[in-house]
Amino acid sequence: MAGLKELRTRIDAIKSTQKITSAMKMVAASRLRRVQILVDKNQGYSENLRRSALRVKMEIEAEEKAKNIRFIRPTLLQAKANPQKYTLYVLSSDRGLCGAYNSNAAKCAAQRINELQNAGKIVKVICVGKKAYDTLRRMFRDSNISIERMVLDAHNLSYPKAAAKIADQVLNAFQNGKFDVCEFAYAQFVSAISRNFVCEQVCPLDLNSEHLPEEQLQLINRSGDAFYEYLPDKLMLLTNILPILFNDNIFKILVNAAASEHGARMSSMDSATRNAKKMISELTLKYNSLRQSAITTELIEIIAGAEAI
């Protein structure tokens, strides 16, 4: 009977755990739906904004080539020929129970750090999230790399405000010469069960046309049969667009990382709930078997005792 009692206690404990994981799955799914709406809405806006900035940049370059002159680029486009100082922001979560999300984020960041170190660059790491901070501190405890943690008040800051806070910090550091290049290691959201961990340069802005097909490049400076006109001038327009694009890049990174985290947690809790259900079924079967065996044994003893009398 002691075995039966232990099995009952274990089944009750697993049922309690199943309730918790099921609730966490529903919470993560609800949060994922809200953030996924932001990701979907931002995608078209971000692409159009980037294309507008690229169009103005290409128009300026064409004018420079035609007139054999050189315009002074806005601050956000002033890249050094041989950058030496890098700042890497790493986005992870403050809590666990989201599968391999945090470990993969730290692995992506560690790979980029090693690449920069092997190239002789000076690297500073700023972690937005406790899990990656703890992991990278352990991985590079014998290194001279500076690893700091940036704490965001997630309860009081919306995604736009959090993005603006990070953007101001990055831009001030860039203008004060604290780094030459700033990159973000984060998870690009693909679906609830899929995400890609990448390192993306955000400062100075990298406006290139490699992702556009040739036919779109040929028509980038026109809308239908009409050509774009610029007022007051192209350089002023580009100077005004770039800060908006810069803030949008940070916002895009934050919402992609958040959606990836919630998707990973939802998948992890769903798997835990299904495993708990399977374990409960197996233990219940074992419990019933032992209980039936105990009842049979008691009946045999009673019958044997009755025959002996």
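Predicted model, so just to flag it, every value in this text is computed and none were measured.
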* To do: Report yes if the side chains of Leu254 and Ile166 come closer than 4.5 Å at any heavy-atom pair, otherwise no.
  => yes
* Out of Lys85, Lys124, Lys80, which one pairs with Asp180 under the salt bridge (charged side-chain N to carboxylate O under 4.0 Å, His left out) rule? -> Lys80
Which atom pairs, one a donor and one an acceptor, fall under 3.5 Å between side chains of residues 143-151 and the rest of the protein, sequence neighbours left out?
{"residue": "Ser143", "atom": "OG", "partner": "Gln117", "partner atom": "NE2", "Å": "3.3"}
{"residue": "Ser143", "atom": "OG", "partner": "Ile145", "partner atom": "N", "Å": "3.4"}
{"residue": "Arg149", "atom": "NH2", "partner": "Asp94", "partner atom": "OD1", "Å": "3.4"}

* Start with the C-alpha gap between Lys252 and Glu200, add the side-chain angles, then the distance that decides, and say whether salt bridge (Lys or Arg N to Asp or Glu O under 4.0 Å) holds. => CA-CA 12 Å; Lys252 177 192 70 176; Glu200 181 179 321; 3.4 Å; yes
* To do: Identify, with sequence neighbours excluded, every residue that meets salt bridge (charged side-chain N to carboxylate O under 4.0 Å, His left out) alongside Lys286.
  => none
* Asn42 side chain to Leu38 main-chain N or O, any donor-acceptor pair under 3.5 Å? -> no
* To do: Quick one: which residue pairs count as a salt bridge (charged side-chain N to carboxylate O under 4.0 Å, His left out) with a foot in residues 16-41, not counting sequence neighbours?
  => Lys25-Asp270
* **Chi angles and distances behind the side-chain contact (heavy atoms from CB on, under 4.5 Å) call for Arg112, Leu116** => CA-CA 6 Å; Arg112 183 55 179 161; Leu116 293 173; 3.6 Å; yes
Which atom pairs, one a donor and one an acceptor, fall under 3.5 Å between side chains of residues 64-78 and the rest of the protein, sequence neighbours left out?
{"residue": "Glu64", "atom": "OE1", "partner": "Arg73", "partner atom": "NH2", "Å": "3.1"}
{"residue": "Glu64", "atom": "OE2", "partner": "Phe71", "partner atom": "N", "Å": "2.7"}
{"residue": "Glu64", "atom": "OE2", "partner": "Arg73", "partner atom": "NH1", "Å": "2.7"}
{"residue": "Lys67", "atom": "NZ", "partner": "Glu63", "partner atom": "OE2", "Å": "3.0"}
{"residue": "Arg73", "atom": "NH1", "partner": "Phe71", "partner atom": "O", "Å": "3.4"}
{"residue": "Gln78", "atom": "NE2", "partner": "Arg73", "partner atom": "O", "Å": "2.8"}

* **Any Asn240 side-chain heavy atom under 4.5 Å of Ile244 side chain** => no
* Take Glu47 and Arg50, measure what salt bridge (Lys or Arg N to Asp or Glu O under 4.0 Å) needs, and give me the verdict at the end. => CA-CA 5 Å; Glu47 290 177 356; Arg50 185 176 185 84; over 6 Å; no
* With a cut-off of 6.0 Å (strictly less than), are more than 12 heavy atoms of other residues, nucleotides or ligands near NZ of Lys107? -> no
* Would you list the pairs meeting salt bridge (charged side-chain N to carboxylate O under 4.0 Å, His left out) in which at least one residue belongs to residues 95-105, sequence neighbours left out? => none
* Asked: How about Ile193: does its CD1 atom have over 12 heavy atoms from other parts shown lying under 6.0 Å from it?
  -> no
* Asked: Looking only at atom types and distance, does a side-chain atom of Ser293 sit under 3.5 Å from a main-chain N or O of Ser289, one as donor and one as acceptor?
  -> no
* **Under the salt bridge (charged side-chain N to carboxylate O under 4.0 Å, His left out) test, residues paired with Glu301 that sit two or more places apart** => none
* **Whether Ser103 side chain and Ala100 backbone form a donor-acceptor pair below 3.5 Å** => yes
* Leu32 and Phe189, any side-chain heavy atoms less than 4.5 Å apart -> yes
* Apply the test salt bridge (Lys or Arg N to Asp or Glu O under 4.0 Å) to residues Glu6 and Arg10: give CA-CA distance (whole Å), side-chain angles for both, the deciding distance (0.1 Å), then the verdict. => CA-CA 6 Å; Glu6 291 174 358; Arg10 191 175 178 189; over 6 Å; no
* Asked: Under 4.5 Å between any side-chain heavy atoms of Met269 and Val27, yes or no?
  -> no
* With the side chain counted from C-beta on, respond yes when Thr21 and Asn275 share a heavy-atom pair under 4.5 Å apart, and no when they do not. => no
* Side-chain heavy atoms of Lys15 within contact of Ile280, under 4.5 Å -> yes
* To do: Indicate if Val181 and Tyr186 have the same hydrophobic cluster label, given that clusters are the connected sets of ILVMFWY residues with side-chain heavy-atom separations under 4.5 angstrom.
  => no
* Asked: So, does Arg265 use its side chain to make a donor-acceptor pair with the main chain of Gly96 at under 3.5 Å?
  -> yes
* Using atom types as modelled and distance alone, determine if a side-chain donor or acceptor of Thr296 lies under 3.5 Å from a backbone N or O of Gln292. => yes
* So, the side chain of Ser281 versus the backbone of Lys277: is there a donor-acceptor pair under 3.5 Å, distance only? -> no
* Asked: Does Thr87 reach the side chain of Val170, with side-chain heavy atoms less than 4.5 Å apart?
  -> no
* Just by modelled atom types, is the Ser93 backbone N or O under 3.5 Å from a matching donor or acceptor in the Asn102 side chain? -> yes
* For the atom pair NZ (Lys130) and OG1 (Thr135), what is the distance rounded to the nearest 0.5 Å? -> 9.0 Å
* Asked: Do Gln111 and Phe197 come close enough that some side-chain heavy atom pair is under 4.5 Å?
  -> no
* Give a yes or no answer on whether the side chain of Ser260 reaches the backbone of Arg195 with a donor-acceptor pair at less than 3.5 Å. => no
